[in-house]
Amino acid sequence: MQEADFYTLLEDGHIACHLCAHACRISPGKAGVCKVRLHKDQKLFSLDYGHLIAEHADPIEKKPLFHFLPGSQAYSIASPGCNFRCAWCQNWEISQTCDMTSIEDIPFTTPENVVARALASGCESIAYTYTEPTIFYEYCRDVGRIAKANGLRNVFVTNGYMQKEVVKDMATWLDAANVDIKAFDDAVCKRYMGAHLQPVLDSCEAMVREGIWLEVTTLLVPGLNDDQTQLEGLAAFIAGNLGKVTPWHISKYYPNYEYDAAAPTSMRSIQNAVSIGRNAGLKYIYVGNAGVELPTRCHSCGEVLVERDGFHPRVNRIKQGHCPYCHTKIPGVWSGD
Ligand code: SF4
């Protein structure tokens with residue numbers, strides 16, 4: 001067990017965890033909502049530090065990050081657990097079923113080993129993904145600092161539920177994040193994820209302020225988050241608070257885990273979300289999991305810059321981060337940056 005950061009021992013003997021917006025108040029011998037941070041002997045411990053449940057080299061486009069070193073591979077790691085309880089979680093076997101005993105059975109991997117494996121596999125970045133990286137933050141940071149010193153970039157695929165001081169800390173070593181804004185209605189977030197909306201929006205704004213490259217994803221779950229009001233609100237938030245050039249990935253839902261009340265997202269619903277995004281002025285909208293490839297077009301002249309086959313760029317005309325037709329700087333992180 002590794003002692004955690006971001007906590008305070010309270011006068012009444014509880015521990016207040018400041019890592020994520022749940023802000024758990026934890027009794028001795030108990031763990032927080034995430035089940036992987038334990039109060040023991042007046043200290044808080046990260047139970048899943050270095051216990052990796054997944055390790056793969058993935059295309060960076062799979063995260064999805066489309067404006068970040070396109071065509072590169074990201075060495076992708078995860079520890080078990082999550083601080084959300086999404087009923088349709090696609091990775092529920094590793095995010096929702098952990099307990100203290102099952103974590104102990106997972107072998108320990110040093111941060112140095114992760115970086116060595118990433119370098120040996122030719123990856124250009126390390127992605128903290130599949131489960132929620134915020135809840136194994138100390139490990140991510142330890143890996144990330146070594147990775148950065150070795151010329152690798154670092155990316156988070158996250159629900160964005162970390163506290164503000166954590167975003168500030170992340171900015172010292174993290175290059176990019178994809179934040180999943182799962183709904184734009186606090187009641188929906190509370191009921192289906194066990195969390196609130198505002199902290200996620202605050203994190204997105206803080207990441208942009210801190211210079212972390214940000215892309216946003218929304219899985220469209222029919223009848224739950226694909227109504228006009230939520231989508232217009234979300235698109236307006238991205239355009240107004242994060243910037244019109246922030247990429248928005250609209251993703252198709254398929255029934256999974258405990259939620260089968262909705263059929264897979266229809267193309268009509270996806271097209272509606274794309275239209276709402278365009279009406280809000282968003283320049284970079286993408287569709288995922290639906291067999292639809294929307295190319296990257298220059299937000300200034302409209303020329304096609306990147307065409308993809310699934311997760312693989314088939315054509316990439318971006319030259320040193322600029323449009324070759326009108327020479328506008330294309331927002332993102334590009335090779336040579
Ligand atoms: S990381 Fe979040 S869920 Fe886990 S103990 Fe801390 S505040 Fe609670």
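Order of appearance sets the numbers: ligands from 1, and atoms from 1 within every ligand.
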**OP:** Can you see which heavy atom on Ser79 is nearest to which on Leu52, and at what distance?
**Re:** OG-CD2, 3.8 Å

Original post:
Under a 4.0 Å N-O cut-off, is there an ion pair linking Glu307 with Arg314?
Top reply: yes

Subject >> Pairs meeting criterion ring-ring contact (aromatic ring centres under 6.0 Å, His included) with involvement of residues 309-337, two or more places apart >> reply: His67-Trp334

Original post:
Is the shortest distance from a Lys or Arg side-chain nitrogen in Lys168 or Glu210 to a carboxylate oxygen in the other one below 4.0 Å?
Top reply: yes

Subject >> Partner residues of Phe66 under the ring-ring contact (aromatic ring centres under 6.0 Å, His included) criterion, sequence neighbours left out >> reply: His249, Tyr286

Ignoring hydrogens and angles, write down the donor-acceptor pairs under 3.5 Å from the side chains of residues 120-129, residues two or more places apart or on other chains.
residue, atom, partner, partner atom, Å
Ser121, OG, Arg117, O, 2.9
Ser121, OG, Ala118, O, 3.0
Tyr128, OH, Gly144, N, 3.3
Tyr128, OH, Asn154, OD1, 2.7

**OP:** Would you mind counting protein N, O or S atoms that sit less than 2.8 Å from atom 2 (Fe) of ligand 1?
**Re:** 1

